[in-house]
Structure formats: structure tokens, C-alpha cells
There are 2 protein chains.
Amino acid sequence: MKHGLSKDEATMADSPKNLYFYTMVKTKNFKANGRIWIDGKEGAFLGYGRVELLEKIHELGSIRQAAQAMKMSYRQAWEFVKQMNEQTEDPLVLMNVGGKGGGQTQLTEAGLRAIEAFKSFNTAFQKFLDSYSEQLHF
Amino acid sequence: MKHGLSKDEATMADSPKNLYFYTMVKTKNFKANGRIWIDGKEGAFLGYGRVELLEKIHELGSIRQAAQAMKMSYRQAWEFVKQMNEQTEDPLVLMNVGGKGGGQTQLTEAGLRAIEAFKSFNTAFQKFLDSYSEQLHF
DNA sequence: TTTCATTATGCTTTTTTTTGAATAACGGCA
DNA sequence: TGCCGTTATTCAAAAAAAAGCATAATGAAA
């Protein structure tokens with residue numbers, strides 16, 4: 001069996017190169033992995049990309065700049081924001097077209113809460129994955 | 001796919017259409033969702049599709065028939081089996097080319113164990129998701 | 001030795017997904 | 001009023017993923 005590193009194992013390769021570590025890696029051949037997201041009535045509502053997008057919007061005050069910052073097309077970023085806003089009582093993002101600088105957009109309180117909710121969901125998920133990785137052997 | 005969109009959000013639409021269910025759905029606007037898999041050293045090792053493939057192989061004794069049964073191309077099914085076998089000490093699937101009927105293939109004990117391992121992993125995951133769906137409100 | 005359905009594999013085509021270009025509309029502000 | 005950079009939207013192009021096609025190789029059994 002070969003021992004090339006796969007893409008998502010970059011963390012391992014970047015870790016301190018002491019002997020103990022290598023011994024551990026050698027015996028751990030498998031890793032429980034996964035992705036989570038939250039669906040609304042109309043389909044996808046929140047996921048990793050969308051949360052990062054919300055954070056960037058909060059930081060930069062513009063959908064276009066946020067998209068650019070995370071190398072996502074504006075087309076898609078705008079679509080994401082639209083889908084998110086359509087599925088909540090109160091919108092997560094407020095857009096203002098036109099005006100000073102062409103327009104601004106900002107997160108609402110609901111938007112900030114959504115970010116936190118997903119992050120805590122994901123933290124629990126990562127713990128779940130780690131606990132399962134322990135017992136994998138084939 | 002960049003942010004994990006649900007390929008299988010058919011579950012809600014396919015559920016029993018009684019009034020009680022609809023009432024529940026109406027008040028529950030969000031659902032925690034996700035997918036899990038197991039990575040090996042060379043990348044993807046086990047996931048939903050691969051487990052179903054293993055089961056069909058066990059049932060039908062042929063990669064080609066298994067692929068056909070689940071409407072997957074033989075090309076891909078064969079690739080999956082190859083990747084799985086390459087990443088374990090003992091292969092999950094034994095292939096015999098030629099002979100009566102052109103060849104047969106069967107699961108090993110390791111293959112059967114792999115199916116069970118993933119299924120129990122997924123059962124735990126679904127419970128995790130359900131427990132989280134409870135507390136979602138935006 | 002011929003037959004047969006399968007495994008094994010490369011290459012082409014199709015389908016799906018994502019991105020990019022192009023353009024209209026907007027509205028505070030100098 | 002004209003300017004500016006943004007939001008808003010369509011549609012074509014490109015990239016990625018999956019499927020399909022063609023064909024060689026195999027080896028037990030008739």
C-alpha cells in the first residue's frame with residue numbers, strides 16, 4: 001500500500017515532524033469525514049460557504065467585495081444571499097442599491113445569530129467525527 | 001460542489017401526506033442535514049453510494065449487475081471497487097475474471113464488516129442531526 | 001477449442017455545474 | 001444633473017463530473 005497524502009490531509013503534513021507523531025499517523029489509516037448544512041423550506045439555507053460569505057459581508061459591507069475576497073463569483077454570492085433572505089421571517093442581509101459608493105449591505109442581528117448557530121452546530125459535528133475516527137479500522 | 005448542497009432533499013416531499021405531518025412541517029421550517037463518508041490514505045474510501053454498491057454486489061455476485069441495478073455506470077462502479085480494495089490490508093471485494101458466466105465477484109468478510117461499520121456510523125449521525133434539528137429557529 | 005458474460009481500461013460524448021461577460025437600474029452626493 | 005460603484009439579472013462560455021462506447025483479456029465449462 002502506498003502512502004501518498006491526499007488533499008484534505010494537509011493538516012497532517014503540516015504538523016510537527018517528531019517521531020511520535022509519525023508513529024501515530026502510520027497506524028491511523030482512516031478518517032471519519034463529512035459535511036453539514038441547514039435546509040429551509042425551499043432547499044439549501046445555510047452551509048460552510050454561505051456562513052463564510054455572511055462573515056465577509058459583515059466585514060466588508062458589500063456582496064461584491066465579499067465574493068471577491070473568497071474567490072466566489074458575484075453571481076453565486078448574490079444568489080446565496082437571496083435564497084437565505086427568502087427563507088427567514090427577518091432577512092439576514094440588508095441590501096441598499098445605489099447611493100454613496102453605489103450601495104452598501106450589512107448583516108442584521110438575525111444574520112449574526114445565524115452565523116453563531118451554524119458554527120456551534122459545526123463544532124459539535126467535528127467532535128462527533130473525531131470520536132468516530134478513533135474506532136475506524138478495516 | 002463548494003458548500004454541500006443537498007442532492008437528496010426528496011425526503012420531505014416524499015413523506016406521508018397526512019394533516020398532522022403537514023402541521024409539523026409548517027412549524028418546523030429548518031432541518032439540520034448532512035452527509036458523511038470515510039477517507040483513506042488515497043482519498044475517498046466509503047460513502048453512501050459505495051456501501052449500496054457493496055450490498056448489491058453481495059446480492060448479485062457481479063459488479064456489472066450491481067451497477068446496473070442502481071443505475072450507476074459500470075465504469076464508475078469498477079473504479080469505486082478498485083479504490084476501496086487499494087486502501088485496505090485485505091480487499092473488500094474479490095473479483096474473478098473469466099470462467100463460468102464470464103466471472104464472478106463476491107464480498108469478503110472485511111467487505112461485510114465495512115458495510116456494517118458505515119451503517120452504524122450513519123445511524124449515529126442521523127440521530128445527531130435529529131437532535132440538532134429540534135433547536136433550529138431563525 | 002469454442003463459447004460466454006464478465007472484468008479491465010482507454011477514449012469520446014454528454015450532462016451538469018460553475019463562472020464570466022454584458023447591461024440595466026439605483027440613488028446619495030458633489 | 002452627472003458621477004460612481006454597487007445591486008440585480010440574463011445568457012453564453014467554460015470547467016468539471018459523470019456517463020457511454022468500444023474493445024481486449026480472461027478462464028471455467030460444454
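In the text below, chain A, chain B and the rest are named by the order of the sequence lines, each starting its count at 1.
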Novice: Would you say B/D90 and B/T108 make side-chain contact, with heavy atoms under 4.5 Å?
Specialist: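 SC-SC contact between B/D90 and B/T108 ruled out.
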Novice: When you compare the side chain of A/Q87 with that of B/N29, does any pair of heavy atoms fall below 4.5 Å?
Specialist: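 No, every pair of side-chain atoms sits at 4.5 Å or beyond.
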Novice: Going 5' to 3' along nucleotides 24-30 of chain C, which nucleotides have protein heavy atoms under 4.0 Å from the base (write B), which only from the sugar-phosphate (write S), and which from neither (write -)?
Specialist: --BBB--
Novice: Which of residues 55-71 of chain B sit near DNA chain D, with a heavy atom under 4.0 Å from it?
Specialist: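 Going residue by residue through residues 55-71 of chain B, none turns out to have a heavy atom under 4.0 Å of DNA chain D.
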Novice: One pair to check against side-chain contact (heavy atoms from CB on, under 4.5 Å): A/L54 and A/L46. What are the steps and the verdict?
Specialist: CA-CA 10 Å; A/L54 290 179; A/L46 256 192; 4.1 Å; yes
Novice: Let me check something: do A/I115 and A/I57 share a hydrophobic cluster, defined by ILVMFWY side-chain heavy atoms less than 4.5 Å apart, either directly or through other members?
Specialist: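 Yes.
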Novice: Please list, by residue number, the residues of residues 73-82 of chain B whose heavy atoms come closer than 4.0 Å to an atom of DNA chain C; answer none if no residue qualifies.
Specialist: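 Going residue by residue through residues 73-82 of chain B, the ones with a heavy atom under 4.0 Å of DNA chain C turn out to be B/Y74, B/R75, B/W78.
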Novice: B/L53 has an atom CG; how far is it from atom P of C/dT7, in whole Å?
Specialist: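 About 11 Å, once rounded to whole Å.
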Novice: Quick check: do B/L107 and B/V93 have side-chain heavy atoms less than 4.5 Å from each other?
Specialist: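 They are in contact (side-chain heavy atoms under 4.5 Å apart), so the answer is yes.
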Novice: Could you go through residues 64-82 of chain B and list every donor-acceptor pair under 3.5 Å that involves a side-chain atom there, pairing it with any protein atom two or more places apart or in another chain?
Specialist:
| residue | atom | partner | partner atom | Å |
| --- | --- | --- | --- | --- |
| B/S73 | OG | B/Q76 | N | 3.3 |
| B/R75 | NH1 | B/E79 | OE1 | 3.0 |

Novice: So which pairs with a foot in residues 113-134 of chain B pass salt bridge (charged side-chain N to carboxylate O under 4.0 Å, His left out), sequence neighbours left out?
Specialist: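 As it turns out, the salt bridge (charged side-chain N to carboxylate O under 4.0 Å, His left out) pairs with a partner in residues 113-134 of chain B, which skip direct neighbours, are B/E55-B/K119.
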Novice: Starting from A/L129, can I reach A/I38 by hopping between I/L/V/M/F/W/Y residues whose side chains sit under 4.5 Å apart?
Specialist: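 A/I38 clusters together with A/L129.
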Novice: Angle class for the B/F30/B/F138 ring planes (parallel below 30°, perpendicular above 60°, tilted otherwise)?
Specialist: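 It falls in the perpendicular class, over 60°.
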Novice: Using the ring of each side chain (for Trp, its six-membered ring), is B/F118 parallel, tilted or perpendicular to B/Y48, with breaks at 30° and 60°?
Specialist: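 The arrangement is perpendicular - the two ring planes meet at more than 60°.
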Novice: Are A/E42 and A/E86 packed together at the side-chain level, in the sense that at least one heavy-atom pair is separated by less than 4.5 angstrom?
Specialist: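 Heavy-atom side-chain distance check fails, nothing below 4.5 Å.
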Novice: Could you state the CE-P distance from A/M72 to C/dT17, rounded to the nearest angstrom?
Specialist: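 After rounding, the reported distance stands at 16 Å.
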Novice: Do the side chains of B/L136 and B/K31 get nearer than 4.5 Å, heavy atoms only?
Specialist: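 With C-beta onward as the side chain, the pair stays apart.
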Novice: Report the end-to-end axis angle of the helix from C/dT1-D/dA30 to C/dA30-D/dT1; each axis comes from five terminal pairs, and the value is rounded to 10°.
Specialist: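 What I find for the helix from C/dT1-D/dA30 to C/dA30-D/dT1 is an axis angle of 10°.
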Novice: Within this structure, what is the CG-CD distance for the pair B/N33 and B/Q126, rounded to the nearest 0.5 Å?
Specialist: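 So the gap between those two atoms works out to 7.5 Å.
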